[in-house]
Amino acid sequence: MKRRSIVTLSSSAIRCKKSDFMVVSVRQISNGGKRSKKKIYHRDYQLDKVMDLQKKPSLILQLKSIIQSQNHQRLLLRDLEKEVGFVAKWNFMSIIEKYPSIFRVGGGCGKEFPFVTLTGKAEKVAREEGEARNLMEPILVKNLRKLLMLSIDCRVPLEKVEFIGNELGLPHDFKKSLIFKYPEYFSIKVINGRAYLNLENWDSSLAVTAREEIFARERMLQSAGGQNKVRITKDGNYLGPFAFKMCYAAGFRPNKSYLEELEKWHKMEFPSPYLNARRFEVADPKTRKRVVAVLHELLSLTMEKRMISAKLDAFHSEYRLPSKLVLCLIKHHGIFYITNKGARSTVFLKEAYDGSNLVDKCPILMFNDKFVALSGRHVTL
């Protein structure tokens, strides 16, 4: 009988309170019995912290959007439960009370029902969101085109684009404001009763990955420094055309043999993630390395360089992702990080973060930071 491997991270991971790692269980089941292996998955507390830091800012921004969607931009407190639900209502009530610099409560006298609105200072900052959205538009158009170019047929089911709309930064009316606005780039086609977002024109200039752009910059810096000899470092990084940036957790100490194998992997050529995956054999090591590049590029297209693991896995067929996606992410823990903080597990692109801070922020994230800063708290989104 063929041996089966079962890997779990969220439910079977053993959390260690006083250590910087968690133990991931890998069970191999055969005819006669069981054998259990334990693999160490080092935690990154700075990236875990990101999930905690985003909680209150996300509530502030959500309440801002709800208020702005109301008539006269004021929300009756009695209607808050209709907008967010009974349980979440109390979290928002706490936010309203805690941040009077952003939210103002009025009414409650005579026949006027209590309501919440933005303060004058918050309204002034909120007006800057329109400019941030305008600056985002060309970025979103470019990223949507690249998203489609990554897929094997240059098309993605429309509901899957909507599924990751928040991660990409798409507006709620993106079909009208982006898709129909740029018919030279996009179209919506129904195939076998399913709506697909389709790429109209291929642009070779966009078929350059974020990894390649970073490599080009680093190579220029290296040339300027006059360093010609390229060698792998103790942290696993190697400057080469097929290398990836490695960011290991503080508790991980790679040994010599690990670094030697890693150097071979860094040097291995692999096809571009923008080439059609049907052209390559799944078992080929170069194809497996290409999958890492696809995941790297997909996360690079998101605003915050992270995505809920279930959403990432939803693109299994469009991008020919491995069936055991979690195993792939764990194996390449110098590139990706999976955190179980929050309601769902989230996959981070590690190189995009400096500690808990996102290195490069798009216009809408910079606006969000400015608005949330009205609370008087230094936050990281």
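From a predicted model like this one, the values you see are computed outputs, not experimental measurements.
In terms of hydrophobic clustering, with Ile, Leu, Val, Met, Phe, Trp and Tyr side chains grouped at heavy-atom distances under 4.5 Å, Leu275 and Leu199 are assigned to different clusters. Both Val105 and Leu118 are assigned to one and the same hydrophobic cluster, defined by single-linkage of ILVMFWY side chains at heavy-atom distances under 4.5 Å. Hydrophobic clustering, with ILVMFWY side chains joined whenever heavy atoms are under 4.5 angstrom apart, keeps Phe371 apart from Met366. No single ILVMFWY cluster, assembled from side-chain heavy atoms under 4.5 Å apart, contains both Tyr353 and Val359. Transitive grouping of hydrophobic side chains (ILVMFWY, heavy atoms separated by less than 4.5 Å) keeps Phe280 and Leu325 in distinct clusters.
Residues Val50 and Leu358 are not in side-chain contact: their nearest non-hydrogen atoms beyond the backbone lie 4.5 Å or more apart. Residues Leu75 and Phe92 fail the side-chain proximity criterion, which asks for heavy atoms closer than 4.5 Å. Two residues are said to be in side-chain contact when any heavy atoms from C-beta on lie closer than 4.5 Å; Asp79 and Phe115 fail this criterion. At least one side-chain heavy atom of Ser375 sits less than 4.5 Å from a side-chain heavy atom of Ile102. Residues Met246 and Ile335 have side chains in contact (heavy-atom distance under 4.5 Å, counting atoms from C-beta outward). Arg290 is not listed as a side-chain neighbour of Asp284, based on a closest heavy-atom distance of 4.5 Å or more. Taking 4.5 Å as the limit, some side-chain heavy atom of Leu349 sits within range of a side-chain heavy atom of Phe336. For the pair Val156 and Val161, the minimum side-chain heavy-atom distance is below 4.5 Å.
Of the possible polar contacts, none joining the Glu261 side chain to the Ser257 backbone as a donor-acceptor pair under 3.5 Å is found. The closest donor-acceptor contact from the side chain of Lys146 to the backbone of Leu206 lies under 3.5 Å. For the pair Thr119 (side chain) and Ser101 (backbone), a donor-acceptor distance under 3.5 Å is present. At least one donor-acceptor pair under 3.5 Å links the side chain of Lys289 to the backbone N or O of Trp265. Side-chain atoms of Ser300 come within 3.5 Å of backbone atoms of His296 as a donor-acceptor pair (strictly under, hydrogens ignored). At least one donor-acceptor pair closer than 3.5 Å links the side chain of Ser65 to the backbone N or O of Leu61. No side-chain donor-acceptor contact under 3.5 Å links Thr209 to the backbone of Ser272. Remark: side-chain polar atoms of Tyr337 are paired, donor with acceptor, to backbone N or O of Asp44 under 3.5 angstrom. Judged by distance alone, the side chain of Ser356 and the main-chain N or O of Gln46 form a donor-acceptor pair under 3.5 Å. The backbone N or O of Arg155 sits nowhere less than 3.5 Å from a side-chain atom of Asp153 that would complete a donor-acceptor pair.
Atom CG of Leu365 and atom CE of Met303 lie 4.5 Å apart (nearest 0.5 Å). Interatomic distance, CG of Leu327 versus NE2 of His332, reported as 10.5 Å (0.5 Å rounding). Interatomic distance, Ser205 OG to Lys142 NZ, rounded to the nearest 0.5 Å: 8.5 Å. Atom CG of residue Asn237 and atom CG of residue Leu259 lie 10.5 Å apart, to the nearest 0.5 angstrom. Ile96 CD1 to Met93 CE: the interatomic distance, rounded to the nearest 0.5 Å, is 5.5 Å. One finds the CG atom of Leu301 at 6.0 Å from the CG atom of Leu147 (value rounded to the nearest 0.5 Å).
Checked against Lys341 for a side-chain contact (heavy atoms from CB on, under 4.5 Å), the options Gln54, Lys49, Arg43 give a single hit: Arg43. Tested against Ile139, the residues Leu135, Val141, Asn143 include a single side-chain contact (heavy atoms from CB on, under 4.5 Å) partner, Asn143.
A salt bridge is absent between Glu351 and Lys305: the closest approach of a Lys/Arg side-chain nitrogen to an acidic carboxylate oxygen does not fall below 4.0 angstrom. We find that Glu112 and Arg74 are joined by a salt bridge, their nearest charged nitrogen and carboxylate oxygen being less than 4.0 Å apart. Under 4.0 Å is where a charged nitrogen must lie from a carboxylate oxygen, and between Glu137 and Arg133 no such pair does.
For Phe270, the ring-ring contact (aromatic ring centres under 6.0 Å, His included) criterion is met by Phe242, Phe244, not counting sequence neighbours. With sequence neighbours excluded, the residues forming a side-chain hydrogen bond (donor to acceptor under 3.5 Å, both in side chains) with Lys160 are Glu318, listed by chain and number.
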**OP:** List the steps and the verdict of side-chain contact (heavy atoms from CB on, under 4.5 Å) for Thr302 and Ile164.
**Re:** CA-CA 9 Å; Thr302 64; Ile164 62 169; over 6 Å; no
Subject >> Worked check of side-chain contact (heavy atoms from CB on, under 4.5 Å) between Leu47 and Thr346 >> reply: CA-CA 10 Å; Leu47 293 181; Thr346 301; over 6 Å; no
Subject >> Check against side-chain contact (heavy atoms from CB on, under 4.5 Å), Arg104 and Thr117 >> reply: CA-CA 5 Å; Arg104 180 179 68 85; Thr117 186; 3.4 Å; yes
Subject >> side-chain contact (heavy atoms from CB on, under 4.5 Å) assessment of Leu144 paired with Leu170 >> reply: CA-CA 9 Å; Leu144 267 181; Leu170 297 176; 4.0 Å; yes
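Residues Glu200 and Ser187 bring a donor and an acceptor atom of their side chains to less than 3.5 Å of each other. Residues Tyr248 and Lys350 have side chains that never bring a donor and an acceptor to within less than 3.5 angstrom of each other.
The number of heavy atoms from other shown groups lying within 6.0 Å of NE2 (His172) does not exceed 12. Summarising the local packing, CH2 of Trp202 is surrounded by more than 12 heavy atoms from other residues, nucleotides or ligands at distances under 6.0 Å. More than 12 heavy atoms of other shown residues, nucleotides or ligands fall within 6.0 angstrom of atom CG in Asp173. Within a 6.0 Å radius of CD in Glu97, other residues, nucleotides and ligands contribute 12 heavy atoms or fewer.
Between Phe174 and Phe186, the ring center distance fails the sub-6.0 Å criterion.
Smallest separation of non-hydrogen atoms from Cys328 and Val291: SG-CG1, 4.4 Å. Across all their heavy atoms, Met51 and Thr339 have their closest contact at CG-CG2, 3.9 Å. Between Gln68 and Ala126, the closest heavy-atom pair is NE2-CB, 3.5 Å. When every heavy atom of Ala132 is checked against every heavy atom of Phe367, the shortest pair comes out as CB-CB, 3.9 Å. Considering every non-hydrogen atom in both Gly236 and His266, the closest pair reads O-NE2, 2.8 Å. Of all the heavy atoms in Arg306 and Glu167, the pair that sits closest is O-CG, 3.9 Å.
Aromatic ring pairs are classed by plane angle as parallel below 30°, tilted from 30° to 60° and perpendicular above 60°; the pair Tyr185 and Tyr182 is parallel.
Arg78 forms a cation-pi arrangement with Phe113, by the criterion of a distance under 6.0 Å to the ring centre and an angle within 45° of the ring axis. Figure legend: Lys311 and Phe163 shown as a cation-pi pair, the cationic atom lying under 6.0 angstrom from the six-membered ring centre and within 45 degrees of its axis.
Residue pairs that meet the ring pair (Phe, Tyr, Trp, His ring centres under 6.0 Å) test with at least one member in residues 122-155, sequence neighbours left out, do not exist here.
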